[in-house]
Protein chains: 4
Amino acid sequence: MSYNTFGHLFRVTTWGESHGPAIGCVIDGCPPRVALEEADIQPWLDRRRPGQSKFTTQRQEADQVEILSGVFEGHTTGTPISLVIRNTDQRSRDYGDIATRYRPGHADVAYDMKYGIRDYRGGGRSSARETAMRVAAGAVARKVLGDRISIRGALVQVGPHAVDRTRMDWEMVNANPLFCPDMAMLPVWEDYLADIRKKGSSIGAVIEVMAEGVPPGLGAPIYGKLDSDLAMALMSINAVKGVEIGDGFASACLTGEENADPMRMENGMLQFASNHAGGVLGGISTGQPIVARFAVKPTSSILTPVPSVTRDGENVDVMTRGRHDPCVGIRAVPVGEAMMACILADHLLRHRGQVGNQEPVVL
Amino acid sequence: MSYNTFGHLFRVTTWGESHGPAIGCVIDGCPPRVALEEADIQPWLDRRRPGQSKFTTQRQEADQVEILSGVFEGHTTGTPISLVIRNTDQRSRDYGDIATRYRPGHADVAYDMKYGIRDYRGGGRSSARETAMRVAAGAVARKVLGDRISIRGALVQVGPHAVDRTRMDWEMVNANPLFCPDMAMLPVWEDYLADIRKKGSSIGAVIEVMAEGVPPGLGAPIYGKLDSDLAMALMSINAVKGVEIGDGFASACLTGEENADPMRMENGMLQFASNHAGGVLGGISTGQPIVARFAVKPTSSILTPVPSVTRDGENVDVMTRGRHDPCVGIRAVPVGEAMMACILADHLLRHRGQVGNQEPVVL
Amino acid sequence: MSYNTFGHLFRVTTWGESHGPAIGCVIDGCPPRVALEEADIQPWLDRRRPGQSKFTTQRQEADQVEILSGVFEGHTTGTPISLVIRNTDQRSRDYGDIATRYRPGHADVAYDMKYGIRDYRGGGRSSARETAMRVAAGAVARKVLGDRISIRGALVQVGPHAVDRTRMDWEMVNANPLFCPDMAMLPVWEDYLADIRKKGSSIGAVIEVMAEGVPPGLGAPIYGKLDSDLAMALMSINAVKGVEIGDGFASACLTGEENADPMRMENGMLQFASNHAGGVLGGISTGQPIVARFAVKPTSSILTPVPSVTRDGENVDVMTRGRHDPCVGIRAVPVGEAMMACILADHLLRHRGQVGNQEPVVL
Amino acid sequence: MSYNTFGHLFRVTTWGESHGPAIGCVIDGCPPRVALEEADIQPWLDRRRPGQSKFTTQRQEADQVEILSGVFEGHTTGTPISLVIRNTDQRSRDYGDIATRYRPGHADVAYDMKYGIRDYRGGGRSSARETAMRVAAGAVARKVLGDRISIRGALVQVGPHAVDRTRMDWEMVNANPLFCPDMAMLPVWEDYLADIRKKGSSIGAVIEVMAEGVPPGLGAPIYGKLDSDLAMALMSINAVKGVEIGDGFASACLTGEENADPMRMENGMLQFASNHAGGVLGGISTGQPIVARFAVKPTSSILTPVPSVTRDGENVDVMTRGRHDPCVGIRAVPVGEAMMACILADHLLRHRGQVGNQEPVVL
C-alpha cells in the first residue's frame with residue numbers, strides 16, 4: 001500500500017500537518033555506510049524554503065532538519081532514517097473561515113468528502129509544507145546515487161511565457177530565485193509575476209527535471225517502469241496536473257522517422273543522435289539523460305471571491321486573505337528534483353537486487 | 001513491489017510474451033459474488049483486437065479469453081481470477097534481423113541493457129500484445145464498479161489533427177474504428193492515416209478517458225493519490241510519453257481565478273460550475289467526472305531506414321518490414337479505459353477498507 | 001517491502017535506536033474519526049515499561065509518548081499518525097567492549113555481517129526498546145478494533161515451570177508484575193527467577209495471547225492468512241523462536257477425531273464445542289477466540305563468560321555487565337498483545353475493503 | 001498486499017482450485033539468464049505427487065508442469081514466469097453433501113463465512129492441491145540460489161512417534177516414501193500409519209527443513225526478518241499450526257548459558273560451537289544452517305461422524321468418504337522445502353538490492 005509511502009527498496013514515508021508540532025519522514029532501505037549528516041540535507045531544504053523572494057509565500061520557517069535515527073558516527077547503518085522538522089511558525093490565529101468554507105480549487109472539500117474530518121489549519125496534511133520532507137528524502141537519495149548521477153531542475157514556463165530552449169543555460173538556474181534557465185526570459189517573468197502578485201492572483205507553471213549519468217537498465221517493466229514511477233511521483237506533488245517524459249505530448253505530432261533516436265557506435269560506446277525518448281525506452285533507462293516535465297496549476301489562494309459552499313451546505317463567496325504564493329511552481333523545482341532522486345535511488349537498488357552488479361552482456 | 005503487478009486491493013498481474021504459447025493475467029482481491037463469465041470479458045477484447053481496420057496491425061488473433069480460476073457457477077469467489085489467451089498467430093519465421101539489430105525508438109535495446117537476454121520474437125514482453133490482458137482485467141474491474149460508474153475513451157488527436165471539442169459526441173466513438181468523437185474530423189484522420197500508412201510511416205496520438213458516476217472520496221493522499229495512480233497506470237501503457245488530468249498542461253497558463261471550479265448547492269446537492277480539476281482535488285475524487293488524457297508516440301516500426309547498431313556493436317541501418325501499425329494510439333483507447341477501470345476499482349476497495357461504507361459526514 | 005513496516009491497510013513503520021535521541025513510529029491507514037489522545041496510549045506503554053519489578057531490566061525510562069500528527073481535536077483524521085518517545089536514559093558511558101566484542105546469542109554479530117556497520121550503543125536497532133513502539137501502535141489498533149474485541153496476554157511458562165491450565169485465571173494477569181494467570185505458580189516463578197537473577201543468568205519463557213470477539217471472516221488466503229500474518233508478527237518480536245496457533249505443536253499428536261472442533265447450532269447461532277483450531281480455519285477467523293502462543297529465548301546478557309570473537313577476529317570470552325533482564329519473556333506479554341491488535345486491525349480493514357460491510361450470507 | 005502472493009523481489013502468486021481446469025503460478029522478479037526448463041521443475045513435483053504410497057491420498061494426477069512465459073531458449077529472461085498444471089483427475093461426481101455440510105476442522109465453513117460463496121469441489125481454493133505450485137516455484141528458487149545452498153526436509157514426528165535425533169541420517173530421507181531420516185523409526189511409523197488408515201482416521205506430524213550454505217547477512221530487520229518471513233511462509237501451508245526456528249519452543253527451558261552459541265575463529269573463519277539459534281540472530285542469517293520445524297494437524301477427512309451444521313443451519317453429523325490422507329504431514333515435506341527456497345531466494349535478492357555484492361566488512 002502506498003498511502004503516505006513511496007518507493008520499494010528505497011522507501012520514503014512522510015507524515016505531518018502544516019500547523020502541527022512537526023513534520024517528518026522515515027527513509028527505509030537506505031544502503032549502509034553512506035556518509036550522511038544533517039549538513040548534507042540542510043542546503044536542499046534551504047533552497048526550497050519559502051520567503052526567499054517576493055514571488056513565494058512569506059511564511060518564515062527555519063526548516064531545520066534533525067536526524068533522529070539510522071545514522072551512526074556520520075554514516076548510515078542500513079536501519080530506518082528518521083528526519084524531523086519542527087514547525088516554528090504556528091502563529092495562533094482564528095481559523096474560523098477556513099474551517100467551514102471550502103476554497104474552490106483547493107483540496108479541503110475533498111478531504112472532508114473522504115474522511116469526514118480534517119485539520120484545516122494551514123491546509124493540514126494537504127499543505128505544500130509536506131514537500132519539505134520530499135526534499136529532505138531527496139537529499140539522502142542523492143547521496144545514494146553518488147556523484148556520477150546529477151539531477152537538475154528548472155522552471156521552463158510561467159503562465160504563457162515559456163523559455164527559449166536555444167537560450168537554456170543550466171548554470172544560471174541557481175543564480176536566480178525563480179530557477180530560470182533563460183536570462184532573457186527572467187525579467188519578463190519578474191514583471192509578469194509582480195503584476196500577478198499585485199492583483200492578488202496566481203498563475204501556473206511548467207518545471208523540467210533532468211538526470212544525467214543514469215546507468216542503463218534501470219526500470220522494471222511492465223508496471224514498475226521508470227517513467228511510470230516518475231509519473232506517479234511527479235503527479236503526487238501538490239498542484240501538479242500533467243507529467244511528460246522526453247518529447248511528451250509533442251510526440252503526438254511526430255512521425256516514426258522524427259521520433260526514432262538514431263544510434264551509432266562511437267569509440268566503442270553506444271551513442272544516440274537525439275533524445276526524443278527522454279532517456280527511457282520500454283520503461284528502462286538507456287544511459288541517455290532522463291528528461292521529465294510537469295505542469296503546476298495556480299494556487300487557489302486568491303483575493304478574488306469565487307462562489308463556494310460551507311461545510312453546512314450554505315452558498316458563500318470565498319476569497320483567501322493572508323500569505324500568498326503567486327506561483328507555487330517556483331518552489332516545485334527542488335521538489336521535482338527530489339522526487340527524481342528518490343525514484344532513481346529506488347530503481348538503482350531494485351535493479352541491483354534482481355540483476356546484480358554483473359557486467360552488462362549487451363554491446 | 002510492482003514489476004508486473006499493479007493495484008493494491010484489486011491487484012492485476014500480467015505475464016506472457018508476444019510469441020510465447022499464451023498471455024495471461026491473475027486478478028487478486030476481487031470481491032466475491034460478482035457475476036462474471038467469459039462473455040463479460042470477450043466484447044472488450046474484441047474491441048481492442050487488431051485487424052479491425054486498415055489503420056491497425058493486420059495480425060490476426062482470435063484473442064479468446066478463458067477463465068481458469070476464481071469463478072464458480074457464474075460468480076467470483078474472492079479467490080484469484082486467472083485469465084489466459086492462447087497465442088494462435090505464431091507463424092514460424094526467421095527472426096534473424098530482429099534478434100541482433102535494435103530498432104531505434106523501440107524497447108529492444110533497453111531490455112538487452114537491463115537483462116542481457118530478451119525474447120525478441122515479436123517484441124517479446126515489450127509487445128503491445130500485453131495490453132490485451134489489461135483490457136481483460138478492465139472488464140472485470142467494470143463489473144466491480146457496477147453500472148453507476150461509466151468509463152469511456154476516445155481518440156482526440158492524431159498527429160497535428162485534434163478534434164474540435166465543441167463537436168465532441170461520445171455516442172459516435174464506438175461507431176467508427178478510429179474511436180473518433182468528432183464526425184467532421186473523422187474523414188480528415190482517414191485521409192491522413194492512409195497517407196501515413198502508404199509511406200510506411202507512423203504517427204502519434206492523444207487519447208482521452210473519462211469516468212462518470214465516480215463517488216467522492218476515492219484516492220489516498222499523499223502517495224496513493226487517485227491522479228498519481230492514474231498517471232502511473234496510463235504512463236505504463238506501451239508508447240505513452242505524457243499524462244494529464246483535467247486541464248493538464250494547459251493549467252500552466254491559467255490564473256487562479258480561471259482555474260478555480262466554482263461550487264454551489266443546488267437542490268441540496270453540491271454542484272461544480274466547471275471541471276478544470278478533472279474531478280480530482282488533493283488526489284481525491286470530488287464526484288465530478290474524472291478526466292485524463294495521454295499522449296502516444298508513433299510506433300518505431302517504419303519502412304524508412306534509421307541508423308542503429310547490432311548486438312555485437314556494428315553500425316547498421318534498420319527498417320522494419322511486415323505488419324505495420326500506422327497509429328498505435330487507436331488501439332490504446334480501450335487500453336486506457338481499462339486502466340482507468342482497474343485503478344478506480346482498486347481505490348473503491350481501498351477507500352472502503354479505510355473509511356468503510358458509512359454515510360459521508362460532509363454536506 | 002517490509003523492512004521496518006508491517007501491515008497493509010493498517011500499516012506500522014517503526015524507527016529508532018536504543019541510545020539515539022528518540023524512537024518512534026508512523027501508523028498509516030488508520031480510519032478517520034477514531035477518538036484518540038495520548039492518554040489512550042500511555043497506559044499500555046506504562047504496562048510494558050522496564051523497572052517495574054526486580055525481574056525486568058532496571059533501565060529507567062519515562063517512555064512518554066507524544067502524538068505529532070494525524071490527530072485533530074481528539075480524533076484521527078485518516079492521515080499518518082506519528083508517535084515519538086524521547087530517550088531520556090542515555091547515560092554517557094564507555095561502550096568500548098560492546099563495540100568490538102560480539103555477545104554470543106546476540107544480534108550484534110549478525111548486524112555487522114549484514115551491514116558492515118552498527119550502532120552498538122545498547123544494542124542499537126536490535127534492542128528490545130523498539131518494542132515500545134509496537135505497544136504504542138497496538139494501543140491505536142485497539143481503538144480501531146473497538147470494545148467488542150478484547151485482547152489479553154499472559155505468561156504461561158517460565159523455564160521448565162508451566163502454568164496449570166485448569167487454574168488459569170485471566171483476571172489475575174494484571175494483578176502481578178509477571179503477568180501470571182496461575183496464582184499457585186506465581187510464587188514458584190518468583191523463587192525461580194530470584195535464583196536466576198542472583199546467578200547473573202537468564203531464562204526463556206512462553207507467552208499466550210488471546211483475542212475474543214473477533215468477527216468471522218478475517219484473514220485472506222492463501223498468503224495473507226490470519227495465522228500466517230500472526231506468525232510473522234509474533235516471530236518478529238525480539239528473541240522469539242517459536243509461534244503456534246490453537247493446539248500448535250501438540251496437534252502433531254492428535255488424531256482427526258481429536259482435532260475436529262464439533263459444531264452445533266444453538267439458539268440460531270453457530271457454536272463450537274472446542275477450540276483446537278485456535279479460532280482460525282484455512283487462514284480465516286471463525287468467530288472463536290484467536291489463540292496464539294510464542295516462545296522467547298533467554299537474553300544473551302549473562303555474567304558467565306562465553307567464548308566469542310572480536311570484530312577484528314580475535315578469540316575472547318565475553319560476559320555482560322550492567323543491567324540484566326533475567327526473563328525478557330515477561331515484558332514480551334504486552335508486546336505480543338500489541339502485535340495481535342495490529343494484525344487484527346489490519347485484517348479488519350482488508351476484509352472490509354474486499355468484501356464490504358454486507359451481512360454474511362452463510363448461516 | 002499479499003492475498004495470493006508472497007515474496008518481495010522474488011514474488012510468487014498462485015491461483016487455481018482443486019477441481020477447476022488448472023492450477024498455476026506466476027513468479028515475478030526472477031533474475032535473468034538463469035538456466036531453466038520444465039525438466040528442472042518436474043522432479044520436485046513428482047516428489048510431492050500424491051499416490052506414491054498407501055499413506056497419501058490416492059488421487060492420481062500427472063502434475064505435468066508447463067512453462068508459458070519468462071523463459072527463452074532455456075534461460076529466464078527477467079520477465080514473469082508463468083507455470084501451469086492442468087487438472088486431469090476431475091471425475092464427474094455428486095458433490096451434494098460437501099456443498100452444504102461443513103466438515104469440522106476444515107476450512108469450508110470459514111470460506112463461506114468470509115466470502116458467502118465457495119467452490120466446494122474438492123476443497124476448491126483451500127485444497128492442498130495449491131501446494132503443487134509452491135513446489136514448482138521452489139524449484140525455480142533453487143535455481144536462483146545455486147548449488148552452494150542446499151535445502152533438505154524430513155518428517156521428524158508422526159503422532160507421538162518422534163525420530164531419535166542421534167540416529168538422523170539425511171541421506172535416507174529420499175530413500176523412503178515417508179521422508180523418514182531414522183531407519184529404526186520407519187517401521188514404527190509404517191505400522192502406526194497402517195492402523196490409522198485402517199480406522200479411517202488421520203494423524204498430525206512435525207516436519208524439519210534445513211538450509212545449508214546460506215550466506216550471512218540475509219534477512220531485513222525489523223519486520224522483514226528472515227525467521228519471521230519463514231514463519232509466515234511455513235504457517236501459510238495447509239494444516240500447519242506451529243512454526244519454530246532452531247531450538248524453538250525448547251528455548252523456553254534454556255538458560256542464557258545453554259542458549260548462547262559459542263564462537264571461535266578457526267583457520268581465519270568464524271565458527272559456532274552449536275546452533276541453538278537455528279542460523280538466525282536478530283532476524284539475520286549468520287552462515288550457520290537455517291533450521292525450521294513446523295507442526296501439521298491431522299486432516300479433517302475421517303470416517304468417524306462428527307457433529308456439524310449445514311449451510312442452512314441444520315445440525316448434522318459429518319463423515320468424509322472417499323480418498324483419505326492418513327497423514328498430510330508426509331506430503332508437506334517437499335512443500336516446506338519449497339517455501340524455504342522461495343524465502344531464501346527473495347532475501348538473497350533483497351539483501352543484494354540494499355547492500356550490494358560488496359565484500360563483507362566484518363571479520
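Chain identifiers are assigned alphabetically (A, B, ...) following the order of the sequence lines, protein sequences preceding nucleic acid strands; residue numbering begins at 1 within each chain.
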**Prompt:** What part of S308(B) lies closer than 4.5 angstrom to a heavy atom of chain A: side chain, backbone, both or neither?
**Reply:**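 The answer is both parts of S308(B).
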**Complete:** So, the part of E258(B) with a heavy atom under 4.5 Å from chain A: the answer is neither
Residue [X] versus chain B: region with a heavy atom under 4.5 Å:
| X | value |
| --- | --- |
| Q157(A) | side chain |
| T13(A) | neither |
| S201(A) | both |
| R125(A) | both |
| F294(A) | backbone |
| I237(A) | backbone |
| V296(A) | backbone |
| V316(A) | backbone |
| M339(A) | side chain |
| D227(A) | both |
| A205(A) | backbone |

**Message:** Do R134(B) and S236(B) pair up side chain to side chain, a donor and an acceptor below 3.5 Å, judged on atom types alone?
**Reply:** yes
**Request:** Check the side chains of S274(B) and D261(B) for a donor-acceptor pair under 3.5 angstrom, ignoring hydrogens and angles.
**Result:**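 Yes, S274(B) and D261(B) have a side-chain donor paired with an acceptor closer than 3.5 Å.
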Considering only heavy atoms and a distance below 4.5 Å, find which of [options] pairs most often with chain B.
| options | value |
| --- | --- |
| K241(A), M235(A), H276(A), R293(A) | K241(A) |
| G329(A), C253(A), P298(A) | P298(A) |
| S251(A), S228(A), A260(A) | S228(A) |
| T299(A), V240(A), I245(A) | I245(A) |

**Prompt:** D247(A): what forms a salt bridge (charged side-chain N to carboxylate O under 4.0 Å, His left out) with it, not counting sequence neighbours?
**Reply:** none
**Asked** Is any side-chain heavy atom of I284(A) less than 4.5 Å from a side-chain heavy atom of K225(A)?
**Response** no
**Item:** Heavy-atom closest pair, residues Y223(A) and T5(B)
**Value:** CB-O, 3.3 Å
Of all of [options], which one pairs up most often with chain A through heavy atoms under 4.5 Å apart?
| options | value |
| --- | --- |
| T304(B), V318(B), I302(B), L234(B) | I302(B) |
| G159(B), P160(B), S126(B) | G159(B) |
| S300(B), G105(B), G282(B), G242(B) | G242(B) |
| E257(B), E130(B), R103(B) | E257(B) |
| H351(B), M269(B), M263(B) | M263(B) |
| A252(B), P216(B), A110(B) | A252(B) |

**Asked** Quick check, are the ring centers of F249(A) and F249(B) under 6.0 angstrom apart?
**Response**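 Ring-ring flag for F249(A)/F249(B): true, centres closer than 6.0 Å.
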**Message:** I'd like to check the ring-ring contact (aromatic ring centres under 6.0 Å, His included) partners of Y192(B); sequence neighbours left out, ordered by chain and number.
**Reply:**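 Partners of Y192(B) under the ring-ring contact (aromatic ring centres under 6.0 Å, His included) test: H161(B).
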**Asked** Any ion pair linking R264(A) and D317(B) (charged N to carboxylate O, less than 4.0 Å)?
**Response**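 Yes.
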